[in-house]
Trainee: 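After the structure tokens below, expect a handful of questions from me.
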Amino acid sequence: MSQAATVRDAVCGDMAVVWSLIQELEAHEKLKRKSSVTVEDLKNDGFGEQSSFKCIVAETSTEDQCPTIVGYAIYFFGYSSSWGRMAYLEDLYLKPDFRKKGIGKRLLRTVVEAAVQRCCRMIQFVVLSTNEEGKKFYESQGCENITETEAWHLYRLGPEQLQRLARGGAAE
């Protein structure tokens, strides 16, 4: 019995499953901070009046089973003062049992196709330094690791620092 995989645009009703996969990704990455995003946030921010992101899902099915979502990618569009139009890949996650079957490549290619359709000149994303499997995957797809070649450092203003700075105080 073979499993076929399809990649499709996510719908609002998929967000509970996507949220559970986000939890799996965080556990896989052994992150110290946990996501504060809820299923309702995903529904509102991805499918509300001013959607902030796009989401695609990979699902598999067998002849005797309903389709099951086994992976997802979240991305959005932006602008780079150096490159112009760009896309940012926030997450690309696939359940471990479904890796090395070409499904991750299909998820990535779907994001790439969307970026090309929007006349983007690049896609940017980050990979944890400890995620050797992920780094190998992206490099096998022709992605360039600019960590050392361009000497970028990634910074963040978290929720508390963001609010403090917005009120005119220094972010501690």
Trainee: What are the two closest non-hydrogen atoms of P67 and S61, and how far apart are they?
Mentor: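 Closest heavy-atom pair between P67 and S61: CA-CB, 3.8 Å.
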
Trainee: For a 4.5 angstrom cut-off between non-hydrogen side-chain atoms, does L89 reach F76?
Mentor: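 Not touching, per the 4.5 Å side-chain cut-off.
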
Trainee: Show me the donor-acceptor pairs within less than 3.5 Å that the side chains of residues 115-131 make with the rest of the protein, sequence neighbours left out.
Mentor:
residue	atom	partner	partner atom	Å
R121	NH1	W83	O	3.3
N131	OD1	G134	N	2.7

Trainee: Identify the two heavy atoms, one from G71 and one from L107, that lie closest to each other, and give their separation to 0.1 Å.
Mentor: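 Scanning both residues, the minimum pair turns out to be C-CD1, 4.4 Å.
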
Trainee: Is it true that atom CD of E160 has more than 12 heavy atoms of other residues, nucleotides or ligands lying nearer than 6.0 Å?
Mentor: no

Trainee: With a cut-off of 3.5 Å and sequence neighbours excluded, list every side-chain donor-acceptor pair involving residues 146-158.
Mentor:
residue	atom	partner	partner atom	Å
T147	OG1	N145	OD1	2.6
E150	OE1	W152	NE1	2.9

Trainee: Determine all donor-acceptor pairs shorter than 3.5 Å in which one atom belongs to a side chain in residues 7-22; sequence neighbours excluded.
Mentor:
residue	atom	partner	partner atom	Å
R8	NE	E59	OE1	3.4
R8	NE	E59	OE2	3.1
R8	NH1	D14	OD2	2.7
R8	NH2	D14	OD1	3.2
R8	NH2	D14	OD2	3.2
R8	NH2	E59	OE1	3.2
D14	OD2	V11	N	2.9
W19	NE1	V37	O	2.9
S20	OG	V17	O	2.7

Trainee: Of all heavy-atom pairs between G104 and L94, which one has the smallest distance, and what is that distance?
Mentor: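 G104 and L94 have their closest heavy atoms at N-CD2, 3.5 Å.
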
Trainee: Where do Y75 and F77 land on the ring pair (Phe, Tyr, Trp, His ring centres under 6.0 Å) test, with the steps shown first?
Mentor: CA-CA 7 Å; Y75 62 100; F77 299 101; 5.8 Å; yes

Trainee: Can you sort out the partners of E132 under salt bridge (charged side-chain N to carboxylate O under 4.0 Å, His left out), two or more places apart, ordered by chain and number?
Mentor: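 Only K135 meet the salt bridge (charged side-chain N to carboxylate O under 4.0 Å, His left out) criterion with E132.
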
Trainee: With side-chain contact (heavy atoms from CB on, under 4.5 Å) as the test, would you mind laying out the steps for L108 and Q141 before giving the verdict?
Mentor: CA-CA 9 Å; L108 181 60; Q141 299 306 298; 3.9 Å; yes

Trainee: Test of understanding: clusters of I, L, V, M, F, W, Y form through side-chain heavy atoms closer than 4.5 Å, transitively. Do I56 and F47 belong to the same one?
Mentor: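 No.
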
Trainee: Rounded to the nearest 0.5 Å, what separates atom CG in L42 from atom OG in S35?
Mentor: 7.5 Å

Trainee: Rounded at 0.5 Å granularity, tell me how far CD1 in I103 sits from OG1 in T60.
Mentor: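 Here the rounded value is 6.5 Å.
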
Trainee: Would you find more than 12 non-hydrogen atoms of other residues, nucleotides or ligands less than 6.0 Å from R99 atom CZ?
Mentor: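 For R99, atom CZ is crowded (more than 12 foreign heavy atoms under 6.0 Å).
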
Trainee: Could you note down all residue pairs passing side chain to side chain donor-acceptor pair (under 3.5 Å) where residues 42-52 supplies at least one of them, sequence neighbours left out?
Mentor: none

Trainee: Do K100 and K105 touch side chain to side chain, with heavy atoms closer than 4.5 Å?
Mentor: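 No. Closest side-chain heavy atoms not under 4.5 Å.
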
Trainee: Residues in side-chain hydrogen bond (donor to acceptor under 3.5 Å, both in side chains) with K136, at least two apart?
Mentor: none

Trainee: When you group the ILVMFWY residues by side-chain heavy-atom contacts below 4.5 Å and let the links chain together, are I74 and V57 in the same group?
Mentor: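 Yes, same cluster.
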
Trainee: Does a donor on one side chain and an acceptor on the other come within less than 3.5 Å for Y93 and E24?
Mentor: yes

Trainee: Tell me whether Y72 is reachable from F98 by hopping between hydrophobic residues (I, L, V, M, F, W, Y) whose side-chain heavy atoms are closer than 4.5 Å.
Mentor: no

Trainee: Are Y138 and S140 side-chain neighbours, meaning at least one heavy-atom pair lies under 4.5 Å?
Mentor: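 Y138 vs S140: side chains apart.
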
